[in-house]
Amino acid sequence: MPSKTGIVFDIQRFSLHDGPGIRTTVFLKGCPLDCKWCHNPEAKSYIPQLSFDAEKCKNCFECVNACPNNVHQIVESNHVVMFDECKLAGECIAVCPTSALEIIGINNTADEIIEIVLKDLDYYKNSNGGVTISGGEPMAQFNLTKELLVRLKELKIHTAIETCGYSPTKKYAEILHLVDLFLFDFKETDEERHKLYTGVDNKLIRENLEFLLDNNAEVILRCPLIPGVNDNENHFKGIAELNKKHPNLKRIEIMAYHNAGFAKSKKIGLAPFDSEIPTADENQKQKWLNSFKALGVENVSIG
Amino acid sequence: MNEQMKNPLDYTGKFSTELKFTATYKKYKNAPTAFREAMCLNAEYPDYFSPVKDGDLFAGRIEHGLVGFSPDEWGSTAFGYYCLFDKLSDEIDNLDDTDELKTDLIEMLEFWKTESTSSKLRAAYNDEMKAHLPSDDWMHDSGIAFPLYRLTGANIDFNKLLKIGIPGLRIELERNKIIAKQDNRDFEFYDAAQIALDVFSNVCDYYIQEINEQIGNVSDSNRKNELERIINSLRIIKESKPRTYHEAIQLMWIYSLISDTRNLGRMDIYLGDFLARDIDAGIIGEDEALLYLESLWKLIADRNTRVHGRIIIGGKGRPNIKNADKFALLAMEATRRVKEVEPQLSLRLYKGISNILYDKALDVIAEGATYPILYNDDVNIQSVSKSFNFDAVESENYVPYGCGEYILEHQSFGTPSGVINLLKALEITLHNGFDPVSKSKMGLPLGEFKDFKTFEALWDAYKSQVEFYVRMMADHEKLEYEIAGKEAPFLFMSMLYDNCIERGKGMFEGGVKYLGGTLETYGNTNTADSLYAIKKMVYDDQKVTAEKLLDALDSNFANDEKLRHDLKSLPKYGNDDDSADEMLMKVHNHVGNYTRDQAERVGLDSYLVVIINNSANTLMGNSTSASADGRLAFTHMNNGNAPSGGNDVNGPTAMLNSIAKPDTSIHAGSVQNMKFSKRMFTEHRDKLKALLNTYFEKGGAQAMLTVVDRGDLENAMKHPEQYRDLIVRVGGFSARFVELEPEVQRDILNRTLY
Ligand code: SF4
Ligand code: SF4
């Protein structure tokens with residue numbers, strides 16, 4: 001059987017924050033949610049896309065001549081990029097004298113991914129680490145994700161997946177036995193607001209979370225907190241309730257907002273999220289921790 | 001020199017010791033060399049010792065003069081009977097023409113121009129060496145290889161010294177003299193060595209008197225006690241073997257200074273028992289023992305040997321592990337407190353070493369000490385045994401000295417007396433025996449780059465170029481020992497080097513057990529990455545012609561930004577990419593094996609490359625043109641065995657996988673620098689250990705860890721291309737620092753790490 005393929009936008013070795021030990025994190029491209037604050041905007045689309053870094057561009061305009069699709073244009077001596085017109089053949093990249101242009105996302109087979117992952121096998125063994133499949137949303141490229149999990153388990157490697165929870169429950173059931181740890185995102189308790197900020201409601205997400213916990217999966221709840229957006233009393237209470245209801249929930253990790261996604265959005269031609277929102281500082285993080293402790297949540301940390 | 005020879009003792013005032021030394025040398029010029037050396041030692045010591053300073057808990061500071069005797073005075077031509085010509089010339093220029101001293105100094109300078117040991121070595125060069133090694137100024141001149149004149153890196157038998165003391169040495173000399181006489185062998189060595197030990201006594205006496213004078217002016221009773229303790233120890237070590245920890249350190253320190261050996265070896269072995277005994281007997285407390293070490297550390301720092309001052313702790317083969325561990329912990333604490341460039345504290349790790357030691361080491365490094373440097377016995381003992389041909393038990397006594405060359409403590413010697421810039425060798429080869437920097441002929445003309453029809457043809461030419469210089473360096477090394485052996489026995493070193501006393505011979509006249517040598521190689525990674533780039537771009541993919549590439553290199557990529565970008569984007573050593581790593585190993589194996597093969601040809605026990613780090617990669621890079629790996633002209637080259645300039649972009653596991661690949665059994669030491677954020681040492685300590693342990697299991701030999709600090713991040717903002725490996729935590733995710741927006745970078749700079 002040929003090995004499954006998928007669109008990967010990064011494979012990060014020596015990843016220390018996506019599960020226990022030393023890990024390799026495989027980032028798959030594409031996500032069913034559309035979170036306003038996304039710090040990985042290049043992960044949203046399911047297909048490869050052109051990225052243009054104006055900081056690195058030297059305005060030599062070689063790309064303007066090279067592109068058969070008029071993606072690169074000089075408008076009033078500014079370099080303007082028509083991202084939607086790009087056919088991804090990379091003629092412009094071949095002539096660019098800097099690394100200002102790149103195509104994010106390449107088609108990888110499971111074999112290719114496993115080959116990279118195996119290079120650090122000894123490090124996983126010595127640190128009780130393993131491999132995390134992240135994204136984007138790994139459940140959205142389910143065939144590849146599942147094959148990777150099967151192969152990793154055959155190799156006796158610890159597996160984790162980072163998921164936004166928005167995928168049919170039967171798919172989670174299908175991989176339950178292959179996943180040692182779920183890093184499960186929970187973004188907003190209030191249904192309306194969830195829909196407003198992520199584009200989908202949280203009903204299915206909640207169901208899946210319950211399903212995993214009821215089936216004794218190992219779950220860490222990951223909660224992105226964005227100052228002034230979802231760091232409200234109601235959401236904190238919602239998290240606290242979940243925690244109380246499921247004593248087997250391993251831990252809650254606060255993923256504090258950082259506005260680095262702002263610049264990344266520009267590179268791929270997306271309208272950036274509200275630039276007014278400040279990065280959460282240490283003070284802010286401490287306050288959040290205190291609020292959780294006040295609600296009786298002890299197993300919470302900054303991720 | 002037809003004037004009447006002055007009596008050595010007639011000189012007073014400035015440079016009187018230098019003049020006295022010179023007069024003494026002249027007087028004994030034709031005497032047996034051992035005797036001449038002893039008399040010269042007597043002329044320079046104790047003069048070159050200087051007074052005890054406030055706060056010193058031991059006597060022993062030294063300031064060598066412009067003329068003297070030393071195995072390795074700092075300066076490119078200063079070993080044996082040395083004269084620091086440049087400095088002396090400056091001093092002469094500053095003197096008034098009417099000054100009588102000026103005449104004396106000029107005469108002295110002229111005398112040493114032919115009589116200094118390095119002059120004699122130079123004079124012994126054959127025509128080929130004279131033609132192809134025209135310069136000694138490796139720091140400034142452009143060149144492929146340079147000879148160094150020094151007998152550096154001795155690690156004498158401090159353990160024996162502390163066990164038997166000066167009287168024990170005297171007895172051993174006496175006993176062996178009798179045997180030598182019976183066998184009808186020369187015995188000048190023994191008599192001369194006894195004189196040298198008298199000089200040692202004189203130094204003790206000098207300090208006793210000097211401190212006694214100080215004590216009169218000291219009102220603080222604490223300080224008085226400290227000074228009295230020094231006097232006591234000096235009295236003891238003159239006459240008997242040391243009994244206490246303080247006496248032991250005092251003896252070791254003065255002997256190290258007077259022998260001018262600059263590396264201190266396995267200190268936890270030779271001081272561990274003294275420490276434990278004194279603490280158990282209640283003679284000192286741990287606090288006091290630590291203060292002693294701090295004082296010793298400061299004395300070592302002030303001695304400022306620049307690249308030496310090694311102290312080894314840990315490692316297999318320690319007779320009393322418990323006592324040694326106790327000392328090792330104290331030594332690391334002293335390093336944490338003193339935080340100086342020297343001593344270069346080095347910890348030999350092995351499976352089963354106490355975790356307390358390992359953790360203490362990481363604690364100290366995390367505080368920004370850069371020490372201890374970590375060595376992996378589980379790899380190194382075997383490698384040393386293989387590369388030097390020592391047996392496994394002997395090899396347990398390997399010690400790194402200086403910038404990281406291995407020898408066996410008090411058994412083998414292997415001064416690094418040559419440097420070779422491999423990248424320059426490639427540059428010269430690409431230019432058919434012409435150096436674009438000095439605009440002159442250099443090396444061997446082996447053909448034009450464009451005429452090498454295959455990569456293998458170019459590779460063969462590069463090899464011939466390198467080999468030509470390696471051979472000369474080996475010849476130089478051998479010659480250096482021959483001249484040194486003819487000139488002097490190096491009494492203080494030889495007395496504490498195996499076999500010398502038994503044989504009644506100095507180290508370099510047949511006394512030492514194993515006589516080897518080392519050759520420092522630089523630019524290894526840039527050379528490999530450049531060769532890879534040439535192979536790929538010119539030969540395999542034919543994306544650029546040889547002429548075009550050479551033009552681009554000659555113009556420092558002035559009009560070839562795109563080509564430079566493409567060259568830089570090719571796979572590079574340090575990313576766990578087999579094709580790039582294989583080229584590094586090809587370069588490594590070639591120079592390593594070829595150098596090793598020279599030992600037999602020139603008649604040394606070993607001759608091996610070392611891949612070490614110091615400032616040579618920067619200095620020699622300053623006279624090396626642009627290279628095909630995309631490196632710009634006159635910029636630094638890679639450091640040690642490290643990937644070059646932040647070229648390792650796949651993270652530390654990939655980097656470690658790469659650097660663990662080159663064969664460790666064909667060299668005499670290789671250095672790996674790595675930087676980690678402070679969080680790795682604190683929050684992620686277990687992961688850091690797992691990372692290092694895995695690297696060590698994979699064959700990693702050594703690790704010099706440093707903590708990323710604010711300065712690094714600031715530099716990374718200015719020179720992002722050199723910091724592509726730097727990963728930082730940003731909010732809930734990690735990112736390559738140089739990829740972040742300046743705003744975000746500033747934010748990280750302001751908040752992280754400390
Ligand atoms: S080719 Fe590259 S550097 Fe030149 S204008 Fe286009 S993006 Fe900018
Ligand atoms: S990848 Fe092709 S279509 Fe897209 S911008 Fe570059 S040249 Fe144009």
Side-chain angles (χ1 to χ4, degrees), chain A residues 11-18 20-25 27 39-40 53 55-56 58 60 62 94-100 116 119-129 134 222-225 253-264 266-267 275 278-282 285 302-303, chain B residues 557 560-566 568-569 575-578 649-658 660 676-677 679-680 683-684 686-698 720-721 724-725 727-736 738-745 747-748 750-751:
Chain A
I11 297 180
Q12 201 179 78
R13 292 166 71 176
F14 196 62
S15 145
L16 301 181
H17 298 271
D18 298 319
I22 295 171
R23 312 186 72 79
T24 297
T25 302
F27 293 92
H39 69 245
N40 265 346
D53 186 345
E55 292 279 330
K56 289 185 184 157
K58 304 207 164 154
C60 69
E62 291 288 337
V95 298
C96 178
T98 76
S99 306
I116 295 174
K119 285 174 176 260
D120 288 346
L121 183 64
D122 297 329
Y123 298 94
Y124 313 146
K125 281 189 181 145
N126 282 338
S127 68
N128 297 316
S134 177
R222 289 195 141 179
C223 304
L225 288 184
E253 286 181 1
I254 295 174
M255 311 306 278
Y257 175 70
H258 198 292
N259 63 11
F262 185 77
K264 290 198 203 168
K266 279 198 295 192
K267 288 186 198 168
S275 66
T279 291
D281 61 13
E282 293 309 313
K285 291 177 193 169
I302 303 290
Chain B
F557 300 109
D560 302 285
E561 211 184 334
K562 167 70 178 152
L563 175 59
R564 178 168 181 242
H565 176 254
D566 292 348
K568 281 188 81 79
S569 308
N575 292 295
D576 206 2
D577 177 303
D578 283 335
V649 294
N650 283 348
T653 53
M655 191 264 288
L656 294 174
N657 283 354
S658 280
F676 293 103
S677 72
R679 291 170 70 149
M680 281 304 293
E683 230 175 280
H684 301 299
D686 287 349
K687 293 175 192 172
L688 175 63
K689 277 171 118 175
L691 182 76
L692 291 172
N693 291 345
T694 312
Y695 161 64
F696 288 145
E697 280 170 21
K698 282 172 182 274
E721 70 287 353
R724 289 192 290 156
D725 52 343
I727 292 172
V728 291
R729 187 81 179 147
V730 190
F733 65 101
S734 304
R736 244 180 261 301
V738 298
E739 301 274 303
L740 296 166
E741 293 291 293
E743 265 310 301
V744 181
Q745 290 180 332
D747 169 47
I748 290 172
N750 290 335
R751 91 183 138 75

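Note that the coordinates shown come from a computational prediction; the quantities given were computed from them, not determined experimentally. In what follows, every chain begins at residue 1, and chains take the letters A, B, ... in the order their sequences are listed.
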Counting only heavy atoms closer than 4.5 Å, note whether Leu656(B) contacts chain A via side chain, backbone, both or neither. both

Proximity breakdown for Lys568(B) and chain A, heavy-atom pairs closer than 4.5 Å: neither

Could you work out, with salt bridge (Lys or Arg N to Asp or Glu O under 4.0 Å) as the rule, every residue matching Glu697(B), not counting sequence neighbours? none

Report yes if the side chains of Leu16(A) and Met680(B) come closer than 4.5 Å at any heavy-atom pair, otherwise no. yes

Proximal component of Ser99(A), with respect to chain B [non-hydrogen, under 4.5 Å]: both

Any side-chain heavy atom of Asn128(A) sitting closer than 4.5 Å to one from Pro20(A)? no

If one checks every heavy atom of Cys96(A) against chain B at 4.5 Å, the contacting part turns out to be backbone

State plainly whether the residues Arg23(A) and Asp18(A) are in salt-bridge range, i.e. N to O under 4.0 Å. no

Region of Asn657(B) in contact with chain A, defined by heavy-atom distances below 4.5 Å: both

List in chain and number order the residues that pass side-chain contact (heavy atoms from CB on, under 4.5 Å) with Pro720(B), two or more places apart in sequence or in another chain; answer none if no residue qualifies. Val738(B)

Side chain, backbone, both or neither: which part of Ala280(A) has an atom under 4.5 Å from a heavy atom of chain B? neither

Examine whether an atom of Lys125(A) lies under 4.5 Å from a heavy atom of chain B, and if so say whether it belongs to the side chain, the backbone or both; otherwise answer neither. neither

Under a 4.0 Å threshold between the charged nitrogen and the carboxylate oxygen, would Lys285(A) count as salt-bridged to Glu282(A)? yes

